[in-house]
Amino acid sequence: MIKITLPDGAVKELPKGSTAMDVALSISEGLARNVISAKVNDKTVEVTTPITTDANVTLHTFNDADGKKAFWHSSAHILAQALEKLYPGIKLTIGPAIENGFYYDVDSGEHTIREEDFKKIEDKFLELAREKADFKLREVSKADALAKYKEEGNEYKVELIENLNDGEITFCDHSDFTDLCRGGHIPNTGIVKAIKVMNVAGAYWRADQEKAQLVRVYGISFPKQKMLTEYLELLEQAKQRDHRKLGKELELFTFSEKVGQGLPLWLPKGAMLRERLEAFLKKAQVQAGYLPVVTPHIGHKDLYVTSGHYEKYGADSFQPILTPHEGEEFLLKPMNCPHHCEIFKSSPKSYKDLPVRYAEFGTVYRYEQSGELHGLTRVRGFTQDDAHLFCRPDQVEDEFRKVIDIVFHVLNSLGFEDYTAQISLRDKEDRSKYIGSEENWEKAEQAIINAVEGKIENTVIEYGEAAFYGPKLDFMVKDALGRSWQLGTIQVDYNLPERFELEYKGSDNEMHRPVMIHRAPFGSLERFVAVLIEHCAGNFPLWLTPDQVAILPISEKYNENAQNILNSLNNYDIRGFVDDRNEKVGRKIRDAEVKKVPYMLIIGEKEVETNSLSVRKHGEGDLGTFTDKEFADIINKEIENNFNN
RNA sequence: GCCGAUGUAGCUCAGAGGUAGAGCACUUCCUUGGUAAGGAAGAGGUCACGGGUUCAAUUCCCGUCAUUGGCUCCA
């Protein structure tokens with residue numbers, strides 16, 4: 001007998017060689033019906049794997065993350081099987097489970113897999129799933145494994161196996177299909193009842209642009225058809241929040257082919273919203289001791305040669321601007337730091353002057369790859385809410401922490417609770433991507449780790465995500481479709497001060513090198529607004545929204561009264577517009593609701609006679625009658641609440 | 001940049017080898033209405049751009065540009 005310890009601490013005694021399924025059966029039949037995967041001593045296994053020693057066992061159903069993973073990973077096997085049958089001769093590579101579903105990368109050879117083939121693939125998948133074939137894991141020697149794939153001519157699998165050790169190689173069989181696989185499957189294919197091929201895309205072998213391009217087929221599967229339908233509905237709803245759609249509908253921004261790819265045009269409502277965001281941050285920065293600076297949109301090429309940016313990005317950037325003067329070259333500003341370094345140098349600094357904090361809403365231009373452009377989240381011209389802090393080494397940690405406070409202030413005031421703080425460090429293997437000494441990097445990375453310590457929970461460390469001149473703390477937020485975007489960023493930099501030979505005089509009367517902190521709480525106004533739109537589905541906080549009030553006269557007779565009311569509300573700093581169209585009030589209400597205007601005031605005979613306001617709230621309906629003053633209080637209270645969350 | 005998809009009126013979209021259609025928006029008129037779409041008439045398109053095939057192309061083919069789902073990249 002062996003002792004099986006369950007997550008709740010309960011211990012079961014079962015015969016040696018029992019499986020996770022036996023454990024489930026010993027608990028309840030219902031559980032046994034739903035259990036699809038298990039973890040034995042932290043290793044994901046099949047529910048049919050015999051357990052030979054005392055062990056901690058966790059049972060997984062589709063409702064938990066590990067269960068989904070096993071389910072989708074197994075689905076990837078079935079997908080691969082279906083693809084092999086439909087496209088003979090394709091070569092399989094890898095097929096993992098992902099956050100929502102799974103994919104399989106194949107070298108499709110002569111075949112092209114198109115959207116119109118999806119139905120065919122789904123049908124074949126379901127046909128194979130219905131065979132209820134068991135997933136069976138078996139150990140294979142390295143020699144045998146290599147032999148199989150060499151015979152098939154599958155260089156990808158050969159490469160994978162060559163990097164594995166003999167004795168740890170397993171194949172998974174189901175029906176007539178076999179794949180190299182580490183394990184972690186559901187019992188049989190029949191559990192998968194619904195599948196949707198989501199899309200096909202190109203993907204590079206081993207994520208390397210230089211290597212072969214494979215075809216990646218994305219899919220998602222479920223144990224019930226109804227779950228698939230619900231998932232697709234959810235996706236449809238998420239699309240309604242897309243900032244590109246809402247940005248157009250709410251008249252915030254647009255693009256023009258004539259102006260150029262990735263160069264957003266801010267419309268009046270969008271520009272006003274943006275100005276409010278800027279004012280909000282400027283206020284916080286004044287309080288935090290930042291000093292405003294303004295720098296030009298171009299700079300001498302030498303400036304970027306000095307900073308190292310030219311060497312790193314010069315070839316892939318907007319190319320230099322020439323002048324009538326032979327040999328003179330300017331670059332469109334791709335970042336503000338070099339300019340700010342020169343401002344620091346413009347006068348001698350004492351240790352008493354530090355930290356110096358230069359802030360600028362600086363518009364920069366980067367020639368992003370055309371395939372990368374995406375609405376407002378990835379553009380070629382954008383405005384950073386940039387600042388550079390020049391401080392003494394002993395001030396770095398404290399300054400860094402203060403910057404974190406500003407980032408929190410921004411995220412909290414705008415209702416972002418669901419963000420990830422990512423510490424972006426150097427690539428452990430490839431140090432050639434970075435400039436600067438080992439010692440400085442070590443110091444910079446440690447400074448971030450120390451500053452974050454005890455200040456932010458749930459941070460993740462990502463190696464290889466640092467900037468080329470220093471490590472970063474990035475604040476990541478997801479968009480409506482679950483794609484992750486970097487918003488705020490804070491970076492510690494020992495390198496640019498060296499390249500620009502920045503100095504201050506210390507208390508010891510010697511010259512010392514300051515440390516630089518780059519930071520942008522929004523990241524860029526463009527991306528921030530994009531993510532904010534998706535976050536609030538276009539229902540902006542009241543202080544930020546373009547129009548707070550729509551004033552809706554019942555008939556044209558009251559247009560003038562409505563205009564007077566708007567004027568008096570302006571005196572309370574409330575902004576809005578009068579809908580003086582020749583339409584019924586029902587129509588005006590509908591249009592204001594669609595435009596997501598937070599408050600509507602209906603003005604007719606009654607209101608004019610009693611000098612009152614009938615207030616309707618977006619999404620809620622009629623609130624009743626108020627005086628100007630009372631209404632202004634409602635608005636102001638709501639705005640106050642926006643900042644006190 | 002790479003692989004796939006898309007491009008028809010201001011917007012959302014339908015359409016067919018014989019030079020285009022709907023709804024909304026817009027203009028004018030009627031209506032002056034009380035909490036999510038009042039009625040009528042009108043105007044609006046080089047069917048992204050450039051080539052090719054064809055008696056004939058917006059439709060089929062090729063290229064370019066843009067958008068888009070991914071990959072790669074992101075100072």
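So that the names make sense, note that chain A is the first sequence line, chain B the second, and so on, each numbered from 1.
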Which whole number of Å gives the distance between the [atom1] atom of [N] and that of [M]?
{"N": "B:A40", "M": "B:A5", "atom1": "P", "value": "43 Å"}
{"N": "B:A57", "M": "B:U53", "atom1": "C1'", "value": "10 Å"}
{"N": "B:A43", "M": "B:C61", "atom1": "P", "value": "36 Å"}

query = So what's the dot-bracket for RNA chain B: Watson-Crick or G-U pairs under 3.5 Å, [ ] if a pair crosses, | if it pairs off-strand?
reply = (((((((..((((....[..)))).(((((.......))))).....(((((..]....))))))))))))....

query = Relative to A:Y204, does A:K211 satisfy both conditions: NZ or CZ under 6.0 angstrom from the six-membered ring centre, and within 45 degrees of the ring's axis?
reply =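 No, A:K211 and A:Y204 do not form such a contact.
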
May I ask you to say what [X] touches in the nucleic acid, namely base, sugar-phosphate or nothing, with a heavy-atom cut-off under 4.0 Å?
{"X": "A:Q486", "answer": "nothing"}
{"X": "A:K248", "answer": "sugar-phosphate"}
{"X": "A:E605", "answer": "base"}
{"X": "A:V200", "answer": "base"}
{"X": "A:Q209", "answer": "base"}
{"X": "A:A592", "answer": "nothing"}
{"X": "A:R581", "answer": "nothing"}
{"X": "A:R114", "answer": "sugar-phosphate"}
{"X": "A:G523", "answer": "nothing"}

Any [X] side-chain nitrogen or oxygen under 4.0 Å from OP1 or OP2 of [N]:
{"X": "A:K258", "N": "B:C65", "value": "no"}
{"X": "A:R378", "N": "B:C73", "value": "no"}
{"X": "A:R244", "N": "B:U68", "value": "yes"}
{"X": "A:Q369", "N": "B:C73", "value": "no"}

task = Using atom CE of A:M600 as one end and atom P of B:G34 as the other, report the distance to the nearest whole Å.
result =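 Result: 18 Å.
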
query = Can you tell me how far C1' of B:U31 sits from CD of A:E556, to the nearest Å?
reply =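 To the nearest whole Å, that distance equals 10 Å.
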
In terms of relative ring orientation, are [X] and [Y] parallel, tilted or perpendicular, with 30° and 60° separating the classes?
{"X": "A:Y599", "Y": "A:F631", "answer": "perpendicular"}
{"X": "A:H243", "Y": "A:F253", "answer": "tilted"}
{"X": "A:F125", "Y": "A:F102", "answer": "parallel"}

ask   = With a 4.5 Å heavy-atom cut-off, do A:H339 and A:P296 have their side chains touching?
value =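 Yes, at least one pair of side-chain atoms sits under 4.5 Å.
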
ask   = Heavy-atom distance under 4.5 Å between the side chains of A:I94 and A:Y103, does that happen here?
value =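 Counting from C-beta outward, A:I94 and A:Y103 do come under 4.5 Å.
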
request  = Mark yes or no for a side-chain to base donor-acceptor pair under 3.5 Å between A:E257 and B:A66, with no hydrogen or angle criteria applied.
outcome  =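 It does not, because no donor-acceptor pair links the side chain of A:E257 to the base of B:A66 below 3.5 Å.
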
message = By nearest heavy atom, map A:S317 and A:L373 onto RNA chain B; which one lands nearer the 5' end?
response =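 Result of the comparison: A:L373.
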
inquiry  = So does A:Q319 get a backbone contact from the side chain of A:S317, meaning a donor-acceptor N/O pair under 3.5 Å?
reply    =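 Flag not set: sc A:S317 to bb A:Q319 has no pair under 3.5 Å.
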
